[in-house]
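Working notes, beginning with the structure itself.
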Amino acid sequence: MKLTFSFLFALAGLHSVIVQAQSQENCEADAKEINEYYRGEPYDNDVTSWLQSSDVREIHPNEPITMDFRPDRLNVLLDDDDNIKNAGCY
């Protein structure tokens, strides 16, 4: 019985690692696409409609943000006119 529970916990941990890696890959792909094709463009539904990242944070100028590192979170930095300046995963 103990072996079964240990095995199930190990599988759950492995699943968590796989999901995290996939989320990070989605974030990096989204950031690359935004930086290559949407930099300087307005941040609107045209951009957000195709994003695969599950966690997206818009960062406006002079807006306070938390400094926690989350490699699966897409951060989109905007200028004063809500145009995209940069995107990254952190």
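Computed from a prediction, not measured in an experiment: that's the story for all the values here.
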Give a yes or no answer on whether the side chain of Asp79 reaches the backbone of Asn83 with a donor-acceptor pair at less than 3.5 Å.
yes
Tell me whether Leu78 shares a hydrophobic cluster with Tyr37, the cluster being built from Ile, Leu, Val, Met, Phe, Trp, Tyr side chains joined at under 4.5 Å.
yes
Gln22 CD to Gln52 CD distance, which is reported to the nearest 0.5 Å:
8.0 Å
Given the rule that I, L, V, M, F, W and Y join up when any side-chain heavy atoms are under 4.5 Å apart, are Phe69 and Ile59 in one cluster?
yes
CG/Asp68 to CZ/Arg73 distance, rounded to the nearest 0.5 angstrom?
4.5 Å
Quick one: does any side-chain atom of Asn35 pair with a main-chain N or O of Ala87 as donor and acceptor, under 3.5 Å?
yes
For Ser53 and Asn26, which I'm curious about, is there any donor-acceptor pair between the side chains at under 3.5 Å?
no
Atom pair NZ (Lys85) and OH (Tyr43), whose distance is rounded to the nearest 0.5 Å:
15.5 Å
Could you name each residue pair satisfying disulfide bond (SG atoms under 2.5 Å apart) that touches residues 23-90, not counting sequence neighbours?
Cys27-Cys89
Please lay out, stage by stage, how Ile34 and Leu51 fare under the test side-chain contact (heavy atoms from CB on, under 4.5 Å).
CA-CA 9 Å; Ile34 288 172; Leu51 292 175; 3.9 Å; yes
Examine distances only and state if a side-chain atom of Asn86 and a backbone atom of Leu77 form a donor-acceptor pair shorter than 3.5 Å.
no
What's the spacing between Arg70 CZ and Asp55 CG if we round to 0.5 Å?
4.5 Å
Can you establish whether the number of heavy atoms outside Asp80 located under 6.0 Å from its atom CG is more than 12?
no
OG-CG distance between Ser54 and Asp72, expressed to the nearest 0.5 angstrom
6.0 Å
Is Val76 linked to Tyr38 within one hydrophobic cluster, defined over Ile, Leu, Val, Met, Phe, Trp and Tyr using a side-chain heavy-atom separation of less than 4.5 Å?
yes
Which atoms form the tightest heavy-atom contact between Glu58 and His60, and what is the distance?
OE1-NE2, 3.5 Å
Distance, nearest 0.5 Å, that separates CZ of Arg57 from OH of Tyr90:
7.0 Å
